Amino acid sequence: MTLDKIQPGRSGRISAIRGEGAVKRRIMDMGLTKGASVAVRKVAPLGDPIEITVRGYELSLRKEEALNIEVDIQN
Amino acid sequence: MSVKIALAGNPNSGKTTLFNALTGSSQYVGNWPGVTVEKKDGILEGTKDVVIQDLPGIYSLSPYSLEEKVSRKFLVEERPDAILNIVDGTNIERNLYLSTQLAELGIPMVLAVNMMDVVKKNGDKIDFARIGKALGCEVVGISALKKEGGLEAARKALSLAETGRKGEVPHVFTGSVEHALAHIEESIQGKVPKDSIRWYAIKIFERDRDIIKNLDIGVGLMKHLEEHIRDCEKELDDDAESIITGQRYEFIQSLMSKALAKSEARKNKVSLSDRIDRIVTNRILAIPVFILSLCAMWFLAVSDNGPGTVLTDWANDGLLGTDGWHVPFTTHESSADGPYKNMDWEAAQEAYAPHAKNIEVWEGAYVEAFNGANKGKEGFEPIENVEGKLDERIAASVKAEASLEDEETGETVVDDDGKERRWTCDYAAYKASKAFPEPDPSDFGVWVPGIGALIATGLEKLGVGETVASLVNDGAWGGVATVLGFVPVIFVVFLFLAFLEDCGYMARVAFIMDRIFRRFGLSGKSFIPMIVGKGCGVPAVMAARAIENRRDQRMTIILATFIPCGAKTVIIAMFAAVFFREMWYVAPLMDVIGIAIIVLGGIALKKTRMFAGDAAPFVMELPAYHMPTLSGVWRHTWNRVKGYMLKAGLVIFPACVFLWFIMHFDWSFNVLADEEIEKSILHDLGSAIAWLFAPLGFGTWQDAAATVSAEIAKEQATATLGLVASGMDGASTAAQIQSLFGSMSKFPLLAAFSFMLFNLFVPPCMVAIAVTFREMGSKAWGWFAVGFQLFVGYVLALSVYQLGMLFSGGVFGVWTVVAIAADIFCIWAVTRKSKA
Amino acid sequence: MSVSSIAVIVVVLAAAALAVWRNLKKGAPCECGGTSRGCKGSCGCCK
């Protein structure tokens, strides 16, 4: 499932990252790489962006960016 | 050549706190993204010329963002003698990502793991030696906040720099990648400094265009290297960049599994940060919380009984003005013999009031009578006051009568039977009142006379003429006093801002606001310059540099200054005090209007061909909240307040002196008496443009002068108003300004509101405009920004005034039509289909 | 005009001139605590 569709409270491991260019690089630089565990914390009050926990810290990104991240749900 | 040590680290790692501790300078600490890219440096404490070069907070050395490019450039081209890499110990995995890249540069490095106090409190353990061995550098623990270990770390870096000793470059990558890298290293031998060859090779592997171009790698060679890279990509089924970043994190992850022991207990505890977030970013509560914080700030700053207003009133009238004040806790009942014995100050003033009224009323009537009786006599000049001109015969016949004004509302007191209550005083009563002693404030407590009063009496004693006294009392001192009087208000605002910025709330605000900003193609990141703008518009415009997309950056620059800055806050404070005392909501309303203009203006701009396009990405770290330190908050607040006061002395003061002169001289440089003010230079200059403001409700030369003078500094408008209103009726500056607006419009509150709106939402002060031009990069864009802001401010004030006049006075004219037309245009601009 | 009046005018004008000169030389102070000269012409060193 792509990261944008995961409900708050669930977590999993990243299986693939699509896209290219600066945004993809940025996402990976921030720790979202293949095999990393992510947990979805919450959704912003207005519906977007989302807050996730990755590599021990909180990161916010838009659903349209999270769309490129494929995650294997684990719980 | 002095030793140069680069200070590098992630945003929010405490780098700025460390930098301040190392260089002793008072720099601002912000813990949200959006750092300006200017380089900061300082001299290391205890050394003479060791330079600590602060690099912008960066997450990586990739070639995409401006901050990264600047940092890279510095690191590879200027090659510092050592690197001090600061790492957030509570977030160590992601922080080390940058560290691995820095280590590959082959520059002596010390890794300082910061926030060790929090790490210890959490119960986590970090194995420094292991990390040091893996990365080939020295690792130490510090707590920049608690000032522990920072200087030692820096000195360690210094000694490394001096000995030039560096560790082994870490082996981060797997076999096939290493293989490709080896090939690349071979082919760039000699083109790059030997120590950095690893870093360059990796960049080439990642197909970093900047590096490839700079190294001037021939097409043929590149094709050859491409083969190796492509082999790797095929084998690992991924693109080169992803391979590198992925393997870096894998390296770090495996290192952490050996070097980091997280406390079990913490894994399941909900942190305080989370609990605060539950409310602050809550679906329903988030925006109300934000608005509530704004209202709280304004309440403290300008509400009628709030600390801001109380202190400002004291500052304006008591401390700096002519009223004077009692030192708190020293007031007592008078023990002096006389009519006020055993009364307190209020009671005494009440007791004296009827006598003061007698004097005021009778003397006025006397002057009228005297002038009337002597009119037409040769060589007679009408008198203004009684001094020395008491003619007994005329006096005996004068019986004064006046209506009473309610002290609070200013309305005439009317008795139950509908007749105006009259106050009468004849000559005998006047003589008795004149003989009645005035209460001496020093009998009632420790009394400090107002500085204004001291100056005035001082000048009198020196025998200074009335005009020159006015130069000092109204011009030089008066103007500065007006501006300084508002220090309590801006102190509250800056204190609030400093607290919000230091505790981490700002990143949350960007997170909440992103959705709205995305609507017009910006991101939550654009909101941050606007928060910065609450202090001063100049750093706000500069903070827009953090926005990578040039088009979005331009839009942010145009919109950033619509949030009332510190100086504009002074205007709000003055108008709130003079016109809107009971209406506490007027002040926060200005912020709301500012935000509304930004949102609507952004939407409208986005729909134009110039700005249409895809929304910028928004990937942002949300740092944990932390309790701001008292000293940090105080320092940030005080820096700003100090700047404000300094500005009052250095900018407002000469401006007021200049204004006074052109207000009291005509074009032939003759001195003018108070009544001749219409002949003054200022009057003519103001009148020349006053017609521009007529449709807005304040088309007087005084308001025109105030508005134009606001371009020097927005708070100058308050000083100028105080100055030009000094000829009007009124016992205080506030009353005089009320008279001023009362004389120009049947609806003075509406005119005042319109004036305030105009001054708040047109282009900012000259300095900010200059920065706008600079940051835009071209004169055309600069003028567009200024034009847009002028349009918005004008239409806003116009609409409010014209529609206000329509609804409250039924006034309908040409300008009402213009206002409505302009409003329809704006509505169309915001709601039409996008040109994208 | 009295001597004291002239003296006061001189003092005020001198102070104003001094302030302006200091601004031109050192840069105008800005609300963020720095000086504009220190940041190459604008109040930018503050964040």
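No experiment lies behind these values; they were computed from the predicted model shown. The chains referred to below are lettered A, B, ... by the order of the sequence lines, with proteins before strands, and numbering in each begins at 1. Atom set for the values below is all heavy atoms of this structure, side chains included, hydrogens, waters and symmetry mates excluded.
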Looking at [options], which one has more heavy-atom pairs under 4.5 Å with chain B than the rest?
options: A:V54, A:L61, A:L59; answer: A:L59
options: A:G56, A:S60, A:G47; answer: A:S60
options: A:P49, A:A66, A:A44, A:G31; answer: A:P49

Is it the side chain or the backbone of [X] that comes within 4.5 Å of chain A heavy atoms, both, or neither?
X: B:Y249; answer: both
X: B:N95; answer: neither
X: B:D238; answer: side chain

With a 4.5 angstrom heavy-atom cut-off, could you sort out which part of A:I14 is near chain B: side chain, backbone, both or neither?
neither

Heavy-atom distances under 4.5 Å only: say whether A:E20 touches chain B with side chain, backbone, both or neither.
neither

Check the pair B:T281 / A:K42 against side chain to side chain contact (heavy atoms under 4.5 Å, CB included), numbers first and verdict last.
CA-CA 9 Å; B:T281 51; A:K42 63 150 59 81; 3.0 Å; yes

Are any of the side-chain nitrogens in B:D239 or A:K24 under 4.0 Å away from the carboxylate oxygens of its partner?
yes

Ionic contact status for A:R25 with B:E206, cut-off 4.0 Å
yes

Does [X] have more than 12 heavy atoms from other residues, nucleotides or ligands lying within 6.0 Å of its [atom1]?
X: A:K5; atom1: NZ; answer: yes
X: B:K121; atom1: NZ; answer: no
X: B:R550; atom1: CZ; answer: yes

Side chain to side chain donor-acceptor pair (under 3.5 Å) against B:T174, all qualifying residues, sequence neighbours excluded
B:Q247

When rounded to the nearest 0.5 angstrom, what is the spacing between [atom1] in [X] and [atom2] in [Y]?
X: A:M28; Y: B:T245; atom1: CE; atom2: OG1; result: 3.5 Å
X: A:Y57; Y: B:N10; atom1: OH; atom2: CG; result: 8.5 Å
X: A:R55; Y: B:M256; atom1: CZ; atom2: CE; result: 11.0 Å
X: A:I50; Y: B:D514; atom1: CD1; atom2: CG; result: 11.5 Å
X: A:I52; Y: B:L622; atom1: CD1; atom2: CG; result: 10.0 Å

Short question: side chain of [X], backbone of [Y] - any donor-acceptor pair under 3.5 Å?
X: B:R94; Y: A:M30; value: no
X: A:E65; Y: B:F618; value: yes
X: B:Y59; Y: A:R26; value: no

Least distance between heavy atoms, A:L46 atom then B:I512 atom:
CD1-O, 3.6 Å

Taking C-beta and beyond as the side chain, do A:D29 and B:E68 meet within less than 4.5 Å on heavy atoms?
yes

Do A:I17 and B:S242 make a side-chain contact, defined as non-hydrogen atoms from C-beta onward lying under 4.5 Å apart?
no

